[in-house]
S.K.: 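Structure in structure tokens, see below.
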Amino acid sequence: KYKTTYKILKEYCIKKKHTSDFRICDIDFRLVEGFDLFMEEDRGNSAGGRYNKHKNLKTIILDIKKHNIPVNNPYLDFSIPKPGRKDIYLNSNEVEAMRRLRCKFPHSSSEYKILQMYLFSCYCGLRFSDVIDLKWLEVDFESGFIQKMMIKTKEPVCTPIFMQAKTILLELSEG
């Protein structure tokens with residue numbers, strides 16, 4: 001992510017200054033404002049895409065400050081564009097269509113296993129990264145719940161094991 005931000009910042013510097021060379025001390029309010037405009041107008045980035053690039057730059061500047069290196073922080077004055085939130089959920093027909101896809105792949109294939117993991121994620125509400133990290137000791141068939149520490153938030157989660165999720169777990173358990 002940081003390399004992508006660096007690459008785009010170099011693109012901006014080449015266009016603006018006709019050179020790809022820049023230093024951290026060159027990052028001031030004017031550069032940040034111009035960089036934002038470049039991403040929006042020249043690259044067509046939405047607020048969400050620009051937000052992440054600014055967040056990366058701000059993080060680098062704050063890390064430098066944390067090491068007691070004096071550097072200007074233009075983000076004290078620059079308002080980072082906030083991405084619009086999109087809550088789009090699969091409907092039951094879409095999940096069912098994905099479930100029917102399973103018969104198209106051999107059970108030993110990566111495609112089948114990934115599809116099963118994704119469906120399991122849909123059935124129990126865990127992030128895909130948490131499904132990949134799931135341990136058998138976090139699954140309690142007797143209580144009917146999965147209890148685990150989420151990778152992204154480091155918060156505990158307790159989710160019920162619905163029948164569809166249980167079917168996938170039993171298939172994977174090999175007894």
Side-chain angles (χ1 to χ4, degrees), residues 1-99 101 110-111 113-134 138 146-159 165:
K1 292 177 183 175
Y2 288 94
K3 286 182 182 180
T4 302
T5 299
Y6 178 67
K7 182 181 143 263
I8 296 169
L9 190 55
K10 281 178 70 171
E11 275 179 41
Y12 168 69
C13 288
I14 289 170
K15 181 180 184 215
K16 187 72 175 169
K17 300 178 180 182
H18 306 292
T19 178
S20 64
D21 295 334
F22 76 96
R23 299 167 299 169
I24 292 292
C25 62
D26 294 335
I27 300 176
D28 59 9
F29 182 81
R30 201 169 72 214
L31 183 131
V32 168
E33 200 173 47
F35 180 52
D36 186 65
L37 199 60
F38 170 75
M39 288 189 291
E40 182 178 20
E41 293 179 356
D42 292 28
R43 295 182 51 88
N45 293 118
S46 67
R50 295 183 349 254
Y51 174 83
N52 289 327
K53 305 305 178 279
H54 285 295
K55 193 171 73 168
N56 292 343
L57 276 180
K58 184 178 176 182
T59 299
I60 290 167
I61 290 167
L62 292 176
D63 188 58
I64 291 169
K65 284 185 141 331
K66 191 179 357 174
H67 288 89
N68 294 323
I69 299 170
V71 65
N72 181 28
N73 183 358
Y75 288 100
L76 296 175
D77 300 316
F78 182 81
S79 180
I80 298 175
K82 297 280 188 225
R85 184 175 168 169
K86 295 179 187 175
D87 290 333
I88 301 173
Y89 302 98
L90 293 176
N91 64 39
S92 57
N93 292 334
E94 292 168 325
V95 174
E96 181 59 27
M98 290 179 68
R99 195 185 69 71
L101 275 177
S110 294
E111 291 87 355
K113 291 173 184 171
I114 291 168
L115 184 55
Q116 285 289 76
M117 289 182 349
Y118 184 79
L119 286 168
F120 181 79
S121 175
C122 291
Y123 297 146
C124 65
L126 291 173
R127 287 185 180 91
F128 197 70
S129 59
D130 291 323
V131 171
I132 291 170
D133 185 61
L134 188 64
E138 297 166 328
I146 295 171
Q147 294 187 350
K148 79 174 280 65
M149 191 66 66
M150 292 187 289
I151 291 174
K152 183 176 180 179
T153 63
K154 307 291 187 237
E155 295 287 327
V157 66
C158 181
T159 183

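Below, all heavy atoms of this structure are taken into account, side chains as well, without hydrogens, waters or symmetry copies. Everything quoted here is computed from the prediction, not taken from an experiment.
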S.K.: Taking salt bridge (Lys or Arg N to Asp or Glu O under 4.0 Å) as the test, write out the residues that go with R99, two or more places apart.
M.R.: E96
S.K.: As an exercise, state the distance from CG of L31 to CG of L9, rounded to the nearest 0.5 Å.
M.R.: 6.0 Å
S.K.: Show every salt bridge (Lys or Arg N to Asp or Glu O under 4.0 Å) that has at least one partner inside residues 27-37, sequence neighbours left out.
M.R.: D36-R50
S.K.: Report the distance from atom CZ of R127 to atom OG1 of T153, rounding to the nearest 0.5 Å.
M.R.: 5.5 Å
S.K.: Run the side-chain contact (heavy atoms from CB on, under 4.5 Å) test against N73 and tell me which residues pass, sequence neighbours left out.
M.R.: I61, L62, K65, Y75, L76
S.K.: Give, for atom CZ of F35 and atom SG of C13, the distance between the pair rounded to the nearest 0.5 Å.
M.R.: 8.5 Å
S.K.: I'd like to check V95 versus L119 (side-chain heavy atoms, cut-off strictly below 4.5 Å). Are they in contact?
M.R.: yes
S.K.: Using the ring-ring contact (aromatic ring centres under 6.0 Å, His included) criterion, which residues pair with F120? Sequence neighbours excluded.
M.R.: none
S.K.: So, taking the atom named CD in E40 and the one named CG in D42, what distance separates them when rounded to the nearest 0.5 Å?
M.R.: 10.0 Å
S.K.: With under 30° as parallel and over 60° as perpendicular, where do the rings of F78 and F29 fit, or are they tilted in between?
M.R.: perpendicular
S.K.: If the condition is side-chain contact (heavy atoms from CB on, under 4.5 Å), which residues does S92 pass it with, not counting sequence neighbours?
M.R.: none
S.K.: When rounded to the nearest 0.5 angstrom, what is the spacing between CG in N52 and NE2 in H54?
M.R.: 10.5 Å
S.K.: Under the ring-ring contact (aromatic ring centres under 6.0 Å, His included) rule, collect the residues that match up with Y6, sequence neighbours excluded.
M.R.: F22
S.K.: Can you sort out the partners of K3 under salt bridge (Lys or Arg N to Asp or Glu O under 4.0 Å), two or more places apart, ordered by chain and number?
M.R.: none
S.K.: How long is the straight-line distance from CD1 of I64 back to CD1 of I60, given to the nearest 0.5 Å?
M.R.: 7.0 Å
S.K.: Under the rule for salt bridge (Lys or Arg N to Asp or Glu O under 4.0 Å), what residues qualify as partners of K148, not counting sequence neighbours?
M.R.: D133, E138
S.K.: My understanding is that only residues two or more places apart in sequence, or in another chain, count here; which of them pass ring-ring contact (aromatic ring centres under 6.0 Å, His included) with Y123?
M.R.: none
S.K.: Please name all residues satisfying side-chain contact (heavy atoms from CB on, under 4.5 Å) with Y118, sequence neighbours left out, ordered by chain then number.
M.R.: L90, M98, C122, F128
S.K.: Residues in side-chain contact (heavy atoms from CB on, under 4.5 Å) with N93, at least two apart?
M.R.: N91
S.K.: Please identify each residue that fulfils salt bridge (Lys or Arg N to Asp or Glu O under 4.0 Å) with K7, with sequence neighbours left out.
M.R.: E11
